[in-house]
Enquirer: 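Sending over a structure as structure tokens; questions will come in a sec.
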2 protein chains.
Amino acid sequence: MSSDEVFEAISHPLRIDILKTLSKKPLGFADLKRELRITSSGLIDFHLKKMAPIVERDSDGLYTLNQAGFAALYAVNVVSRKGWQRRALFSNIGVYVVMNVYMWFAIPEFFLLVLIPTTAWILFYAYWSIVKRRVHLTGRENKDAETGDESQNE
Amino acid sequence: MSSDEVFEAISHPLRIDILKTLSKKPLGFADLKRELRITSSGLIDFHLKKMAPIVERDSDGLYTLNQAGFAALYAVNVVSRKGWQRRALFSNIGVYVVMNVYMWFAIPEFFLLVLIPTTAWILFYAYWSIVKRRVHLTGRENKDAETGDESQNE
DNA sequence: AAGCGTGGTCAAGGAATGTTGACTTGCTGG
DNA sequence: CCAGCAAGTCAACATTCCTTGACCACGCTT
């Protein structure tokens with residue numbers, strides 16, 4: 001399974017629609033047509049065959065995403081906006097602050113015992129996120145990203 | 001900037017090579033040809049034009065990735081293997097264990113004051129990772145992933 | 001001045017993609 | 001038994017993709 005096969009499988013607007021639709025629940029052929037408001041059977045057939053690397057049939061014969069399919073869905077969300085990485089960093093910082101404030105009021109004499117390791121962790125995590133994963137803190141690079149698509153997979 | 005444009009820009013093996021090469025450093029036309037061991041100028045020209053949504057020229061006229069380009073690179077790594085998500089979860093669990101063992105030996109009488117909030121956090125993080133982000137703990141789904149490609153962007 | 005490297009553009013042609021619409025097969029209710 | 005729906009398959013055709021190879025303009029060097 002090489003990367004370009006997976007991206008080929010989602011490099012068409014209709015195929016991204018199919019990906020998102022199947023990520024909600026497995027569907028049969030006619031249900032998929034109805035859901036996407038498409039009349040041509042051949043069209044669905046063609047694109048489903050193109051998506052072979054990421055779509056399988058389940059035990060009921062319904063079309064469903066395989067692991068690579070969910071990775072692809074995930075990739076679509078990554079490209080749409082890298083928001084959750086930023087949220088993960090912020091939630092880590094939030095936990096760090098709450099934890100240390102909590103310790104300060106609960107047992108101030110041992111405050112440093114918590115502050116030092118948590119600070120080390122948060123510095124490492126911020127370095128990893130910002131430098132290695134190129135997470136931008138402002139989110140301005142996502143200004144023109146797609147909207148109205150709060151996927152459950154993020 | 002829609003998702004399928006970005007995926008179209010990386011749905012060919014050579015374009016993924018270009019993406020990875022330009023992620024290391026911006027390059028000129030001839031340098032890019034040399035780096036990829038390609039003799040045909042037209043071929044590079046064709047694929048660079050295909051990659052227009054994710055490739056720009058910098059102030060020196062060199063080809064370089066824009067934000068969408070780095071998101072695409074990131075997506076390539078996501079599809080190749082979702083490993084870092086698992087490592088992030090494991091590193092959080094590691095910090096949780098070390099932190100609590102440390103507290104147990106440092107100030108056992110206040111052990112619970114740390115155990116309770118950190119446990120709440122780790123349970124939330126595990127739920128979020130496993131259920132919402134479909135991270136698999138075993139890593140077996142990556143057995144046939146691409147190898148020999150330790151990107152700096154992971 | 002002739003040759004070479006850089007940084008491309010462009011046309012041609014075969015291969016692959018995208019779409020339509022006709023056709024098939026199997027099942028089910030009336 | 002036959003109409004109608006589900007679940008596709010397939011041929012045909014226009015369009016797009018991919019690759020090759022020829023060509024061009026500019027600057028530098030010998």
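Letters go in sequence order (proteins before strands), and every chain restarts at 1. Model, not experiment: these values are computed from the prediction.
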Enquirer: Heavy-atom nearest nucleotide on DNA chain D for A/Leu43 versus A/Glu8: which residue maps closer to 5'?
Expert: A/Leu43
Enquirer: From the list C/dG8, D/dA7, C/dG21, which nucleotide is the closest neighbour of the side chain of A/Ser40?
Expert: C/dG21
Enquirer: What is the minimum heavy-atom distance between B/Asp45 and B/Lys49, and which atoms define it?
Expert: OD1-NZ, 2.6 Å
Enquirer: In whole Å, what is the span from the CD1 atom of A/Ile18 to the C1' atom of C/dT19?
Expert: 13 Å
Enquirer: In whole angstrom, what separates A/Ile16's CD1 from C/dG18's P?
Expert: 12 Å
Enquirer: Phosphate oxygens OP1/OP2 of C/dT17: is one of them under 4.0 Å from a side-chain N or O of B/His12?
Expert: no
Enquirer: Which of parallel (below 30°), tilted (30 to 60°) and perpendicular (above 60°) describes A/Phe29 and A/Tyr63?
Expert: tilted
Enquirer: Does C/dT17 have OP1 or OP2 under 4.0 Å away from a side-chain N or O of A/Arg15?
Expert: no
Enquirer: Using a cut-off of strictly less than 4.0 Å, decide whether A/Tyr63 has a side-chain nitrogen or oxygen near OP1 or OP2 of D/dG8.
Expert: yes
Enquirer: Can you name the nearest heavy-atom pair linking B/Ala72 to B/Ile54, along with the distance?
Expert: CB-CD1, 4.5 Å
Enquirer: Does a nitrogen or oxygen in the side chain of A/His47 sit under 4.0 Å from OP1 or OP2 of C/dT17?
Expert: no
Enquirer: Given atom CG of B/Asp17 and atom P of D/dC18, what is their separation to the nearest angstrom?
Expert: 14 Å
Enquirer: Which is more 5' along DNA chain D, the nucleotide nearest B/Ser41 or the one nearest B/Lys50? Just name the residue.
Expert: B/Lys50
Enquirer: In whole angstroms, how far is the P atom of D/dA7 from the CG atom of A/Asp58?
Expert: 12 Å
Enquirer: Separation of A/Leu32 atom CG from D/dG8 atom C1', in whole Å?
Expert: 13 Å
Enquirer: Mind calculating the distance between CG (B/Leu48) and C1' (C/dG8) to the nearest angstrom?
Expert: 10 Å
Enquirer: Among the nucleotides D/dT9, C/dG18, C/dT6, which one has an atom lying closest to any side-chain atom of A/Phe46?
Expert: C/dG18
Enquirer: Taking the nucleotide of DNA chain C with the closest heavy atom to each, which residue, B/Lys49 or B/Arg34, is nearer the 5' end?
Expert: B/Arg34
Enquirer: Rounded to whole angstroms, how far apart are NZ on B/Lys33 and P on D/dG21?
Expert: 13 Å
Enquirer: Testing the basics here: between B/Arg15 and B/Glu8, what is the closest heavy-atom pair and its distance to 0.1 Å?
Expert: NH2-O, 2.8 Å
Enquirer: In this structure, how many angstroms lie between the P atom of D/dC10 and the CG atom of A/Asp45, rounded?
Expert: 9 Å
Enquirer: Please name the pair of heavy atoms, one in A/Gly28 and one in A/Leu62, separated by the smallest distance, quoted to 0.1 Å.
Expert: N-CD2, 3.4 Å
